[in-house]
Amino acid sequence: EISKKNISLNYKVDLKKFQVSPVGISLKSDKKFILKIIEKKTNDKFFTILFIGRFEKQKNLSLWIETAFLILKKNSNIRFKLIGYGSEKIKIINIIKKSKYIKNFELIDKVNYQDLPSFINKSHLLLLTSYYEGFGRVVLEAMTFGLPCISTKSGGPEDLITNDHNGFIVNKNNSQVLAKKALFLIENRNEYKKMSINSLELAKETFNFETISNRLINLIIFAIKNK
């Protein structure tokens, strides 16, 4: 609904005249296997926070790194993994190098799409700090493997993340609150486990290809009948 409202506002289209269909993803995950991984992650000593995407201004990665530093001031047993490339990558690398936390960061270039599950499964939480996101496909990809997600209020992620259910939505440019929410999940493992399972359930039940296909078919039928 948030994506639909943003499209209506930006393109001045009547809300009643269109529908937004979510994006399906082709990454496969076995629910029983992911539940076992969630159980293991709940007891992990070290916690990995993940970013997947382009290193561009839209992603506001300076805020991402600022949030990471705040988290590390409270808990040094955190690892940060950033996957992707773009015009701001050198800038982000230099910020990390100038800090005392360089050993807590791992930066990886673009990986093959089908290899993403291995990286997601080794992570505990997805963090997004974008100014704007479309659908927020990376959020759904993370949820498919049981990751709770924390995102700035940026559009698409708001249709996927429900506060205190499978993650948190935070106002833009608020590194203090972003860090606080991440630390809450790190320090409250029962809540982490609950939100992990809720993320997995949402991805499996609401955003699987069969459900999305049926929704598209119904939209087409509706459009034909009401043209």
Side-chain angles (χ1 to χ4, degrees), residues 1-3 20-44 46-53 59 64 67-68 71 78-83 113-130 133-170 177-212 215:
E1 287 301 316
I2 298 297
S3 297
V20 175
S21 178
V23 177
I25 63 170
S26 58
L27 295 178
K28 304 291 184 182
S29 69
D30 179 79
K31 187 174 180 179
K32 289 183 179 179
F33 177 69
I34 299 302
L35 286 171
K36 288 181 181 179
I37 291 179
I38 290 172
E39 191 68 39
K40 176 185 175 299
K41 286 180 181 178
T42 302
N43 299 305
D44 283 347
F46 292 97
F47 204 91
T48 299
I49 297 178
L50 180 68
F51 168 82
I52 303 172
K59 302 297 183 179
W64 202 99
T67 301
I71 294 169
I78 313 298
R79 303 290 180 264
F80 297 89
K81 187 174 295 183
L82 298 94
I83 300 174
Y113 187 66
Q114 296 304 322
D115 293 332
L116 276 182
S118 63
F119 291 96
I120 299 173
N121 276 331
K122 293 175 184 176
S123 302
H124 298 75
L125 171 70
L126 181 79
L127 174 64
L128 287 181
T129 53
S130 303
E133 288 286 344
F135 174 66
R137 177 171 175 164
V138 69
V139 174
L140 184 55
E141 289 166 346
M143 288 182 175
T144 299
F145 296 90
L147 266 64
C149 301
I150 298 176
S151 173
T152 47
K153 194 174 182 180
S154 55
E158 294 160 68
D159 285 330
L160 298 169
I161 301 170
T162 302
N163 278 323
D164 296 306
H165 179 74
N166 59 355
F168 298 100
I169 294 291
V170 176
V177 176
L178 286 165
K180 182 179 178 180
K181 296 300 184 184
L183 286 165
F184 172 80
L185 289 176
I186 294 165
E187 295 165 0
N188 296 275
R189 295 305 177 92
N190 286 335
E191 286 296 310
Y192 170 80
K193 182 180 179 180
K194 180 194 78 174
M195 292 194 196
S196 293
I197 293 171
N198 289 340
S199 288
L200 179 62
E201 294 288 347
L202 178 73
K204 289 292 184 184
E205 294 180 10
T206 308
F207 292 98
N208 62 72
F209 267 118
E210 183 179 353
T211 301
I212 292 172
R215 195 178 304 177

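The model shown is predicted, which means the values in this text are computed figures rather than measured ones.
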Reported [atom1]-to-[atom2] distance for the pair [X] and [Y], which is rounded to 0.5 angstrom:
X: Ile120; Y: Thr144; atom1: CD1; atom2: OG1; answer: 7.5 Å
X: Asp44; Y: Ile186; atom1: CG; atom2: CD1; answer: 12.0 Å
X: Ile169; Y: Leu160; atom1: CD1; atom2: CG; answer: 8.5 Å
X: Phe46; Y: Ile78; atom1: CZ; atom2: CD1; answer: 9.5 Å
X: Leu50; Y: Phe119; atom1: CG; atom2: CZ; answer: 9.5 Å
X: Phe47; Y: Phe80; atom1: CZ; atom2: CZ; answer: 10.0 Å

Search all heavy atoms of [X] against all heavy atoms of [Y] and return the closest pair with its distance.
X: Ala182; Y: Ile71; answer: CB-CD1, 3.6 Å
X: Ser151; Y: Ile161; answer: CB-CD1, 3.8 Å
X: Thr152; Y: Ser130; answer: OG1-O, 2.6 Å

Indicate yes or no: at least one non-hydrogen side-chain atom of [X] is less than 4.5 angstrom from one of [Y].
X: Val139; Y: Met143; answer: yes
X: Phe145; Y: Ile37; answer: no
X: Leu126; Y: Ile150; answer: no
X: Leu178; Y: Leu127; answer: yes
X: Glu158; Y: Lys153; answer: yes
X: Leu125; Y: Leu147; answer: no
X: Phe51; Y: Ile83; answer: no

Thr42 and Glu39 side chains, donor-acceptor separation under 3.5 Å: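 Glu39 vs Thr42: no donor-acceptor pair found between side chains.
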
Distance-only polar pair, side chains of Lys204 and Ser29, donor-acceptor under 3.5 Å: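 On atom types as modelled, these side chains qualify, holding a pair under 3.5 Å.
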
Test side chain to side chain contact (heavy atoms under 4.5 Å, CB included) applied to Phe168 and Val177, step by step: CA-CA 10 Å; Phe168 298 100; Val177 176; over 6 Å; no

Those residues that, when tested against [X], pass side chain to side chain contact (heavy atoms under 4.5 Å, CB included) (two or more places apart):
X: Thr48; value: Arg79, Lys81, Ser123, His124
X: Ser196; value: Ile38, Pro148, Tyr192
X: Glu201; value: Lys31, Ile197, Glu205

Expected output: side-chain Thr129 to main-chain Lys59 donor-acceptor under 3.5 Å: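 Present.
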
Under 3.5 Å donor-acceptor, Asn166 side chain and Asn198 backbone: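 Checked: no pair found.
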
Set of residues satisfying side chain to side chain donor-acceptor pair (under 3.5 Å) with respect to Lys194, sequence neighbours excluded: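 For Lys194 the side chain to side chain donor-acceptor pair (under 3.5 Å) partners, ignoring immediate neighbours, are Glu191.
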
Partner residues of Thr67 under the side chain to side chain donor-acceptor pair (under 3.5 Å) criterion, sequence neighbours left out: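 By the side chain to side chain donor-acceptor pair (under 3.5 Å) rule, Thr67 matches no residue at all.
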
Working for side chain to side chain contact (heavy atoms under 4.5 Å, CB included), residues Ile49 and Trp64: CA-CA 11 Å; Ile49 297 178; Trp64 202 99; 4.1 Å; yes

Neighbour count >12 (heavy atoms, 6.0 Å) for atom CZ, Phe33: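 Atom CZ in Phe33 is not packed in, count stays at 12 or less.
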
Within 6.0 Å of NZ in Lys41, more than 12 heavy atoms from elsewhere: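 Yes - once you tally the heavy atoms of other residues, nucleotides and ligands closer than 6.0 Å, there are more than 12.
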
Summary of side chain to side chain donor-acceptor pair (under 3.5 Å) pairs that have at least one residue in residues 178-190, sequence neighbours excluded: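 Residue pairs with at least one partner in residues 178-190: there are none.
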
Ile52/Leu82 under side chain to side chain contact (heavy atoms under 4.5 Å, CB included): CA gap, chis, key distance, verdict: CA-CA 6 Å; Ile52 303 172; Leu82 298 94; over 6 Å; no

